[in-house]
S.K.: 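I'd like to ask you about the structure that follows.
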Amino acid sequence: MENTPNQLLENAHAEIARACKAGRRSPDQVTLIAVSKTHPVERITPLIDAGQRVFGENRVQEAQGKWPALLEQYPDIALHAIGQLQSNKADEAVALFDCIHALDRSSLVKALGKAMDKAGKQVPCFIQVNIGAEEQKGGCMPADLPALITGARDADIPIAGLMCLPPASIEPAPFFAHLAKLADDNGVTGLSMGMSGDYPVAVQLGATHVRVGTALFGMRS
Ligand SMILES: *Cc1c(COP(=O)(O)O)cnc(C)c1O
C-alpha cells in the first residue's frame with residue numbers, strides 16, 4: 001500500500017528527530033523544506049493539509065503558476081527558491097519567495113540587492129558553495145566565499161547561511177562537514193544541505209534546512 005502524505009511527513013520528522021539525537025541537536029533547529037517542483041497543486045494540498053508549511057521550488061516560472069493562489073489561501077506558508085537563479089528573474093524571485101538558496105555569484109548579488117531595494121523587501125539568501133569543486137555545478141568556489149559574503153552584506157542582502165549540493169554517488173558526509181566548517185569560519189549560521197537520499201546525515205552534521213522532494217512526494221515524472 002502506498003504511504004499517505006501524512007505518513008511520509010511523519011516519517012521525515014521521525015528521521016530528523018533520530019538524526020538530531022545522534023548529533024546532539026534539537027529538532028527545533030531543523031526546517032524541513034518540502035520540494036514540490038514538477039508536482040501539481042493537487043499533490044501539494046494534501047501535504048499542506050497534513051500540516052507542512054515550508055515548500056521549495058526550483059523554477060520561478062513554474063512557481064508563479066502554482067503558488068500565488070495557494071499563498072493567498074494559506075498566508076502562513078513560506079516558499080523557498082532552491083534552484084539556480086538567473087539575474088533577469090531577480091525581481092520576480094524577490095516578489096514571490098521568502099528565502100533564496102542559490103546565491104552563487106557577484107552578478108546575482110547585484111541583481112538581488114537592486115530587486116530587494118526596489119521592492120522594499122529583504123529576502124534572506126543562502127550562499128551556494130560548489131563544495132565538490134565540480135566544473136558543471138553552480139555555487140561559488142570555497143576560496144571565493146569570503147568575498148561573496150562581503151559583497152552580499154554590502155548590498156544589504158540578509159545572509160541566511162550556506163547551501164550545497166554535494167557530488168552525486170559518493171559519500172556526502174565529508175562535504176556536509178566541510179560546509180559546516182566554512183560557515184563557522186565565515187561567521188554565518190544556517191546550513192541548507194541534505195536531500196531525500198542523505199538528509200539524516202546532513203542533519204546529524206548540522207543542517208538547519210533540508211530540501212526533501214522525492215521522500216515526501218514520490219518520484220518526479
Ligand atoms: C530537486 C532538488 C532537491 C530535492 O531532491 P530530492 O532528491 O527529490 O529530495 C533538493 N535540492 C535541490 C537544489 C533540488 O533541485
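Both counts, for ligands and for their atoms, begin at 1 and track the order of listing. Treat the numbers as computed from the prediction; the structure is a model and nothing was measured. Numbering starts at 1 and runs along the sequence shown.
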S.K.: Residue-level breakdown please: for H101 versus ligand 1, do any non-hydrogen atoms fall below 4.0 Å on the side chain, on the backbone, on both, or on neither?
M.R.: neither
S.K.: Purely on distance, is any nitrogen or oxygen of L165 under 3.5 Å from one on ligand 1?
M.R.: no
S.K.: If the cut-off is 4.0 Å to any non-hydrogen atom of V212, which atoms of ligand 1 fall inside it?
M.R.: 9 (O)
S.K.: Just checking R59: does its CZ atom have more than 12 heavy atoms from other residues, nucleotides or ligands closer to it than 6.0 angstrom?
M.R.: no
S.K.: Are the aromatic ring centres of H80 and F126 under 6.0 angstrom apart?
M.R.: no
S.K.: Quick one: nearest non-hydrogen protein atom to atom 9 (O) of ligand 1, plus distance?
M.R.: S196 OG, 2.5 Å
S.K.: Would you kindly specify which portion of I82 sits under 4.0 Å from ligand 1, judged on non-hydrogen atoms: side chain, backbone, both or neither?
M.R.: both
S.K.: Could you list the atoms of ligand 1 found under 4.0 angstrom from a heavy atom of T214?
M.R.: 6 (P), 7 (O), 8 (O), 9 (O)
S.K.: Tell me the nearest of M195, K37, R211 to atom 14 (C) of ligand 1, using heavy-atom distances.
M.R.: K37
S.K.: Is there a side chain to side chain contact (heavy atoms under 4.5 Å, CB included) between R105 and S87 once you walk through the steps?
M.R.: CA-CA 10 Å; R105 57 193 189 277; S87 295; 3.7 Å; yes
S.K.: Is there a donor in the side chain of S36 and an acceptor in the side chain of R43, or the other way round, less than 3.5 Å apart?
M.R.: no
S.K.: Above 12 or not: heavy atoms from other molecules or residues under 6.0 Å from NZ of K121?
M.R.: yes
S.K.: Would you find more than 12 non-hydrogen atoms of other residues, nucleotides or ligands less than 6.0 Å from K114 atom NZ?
M.R.: no
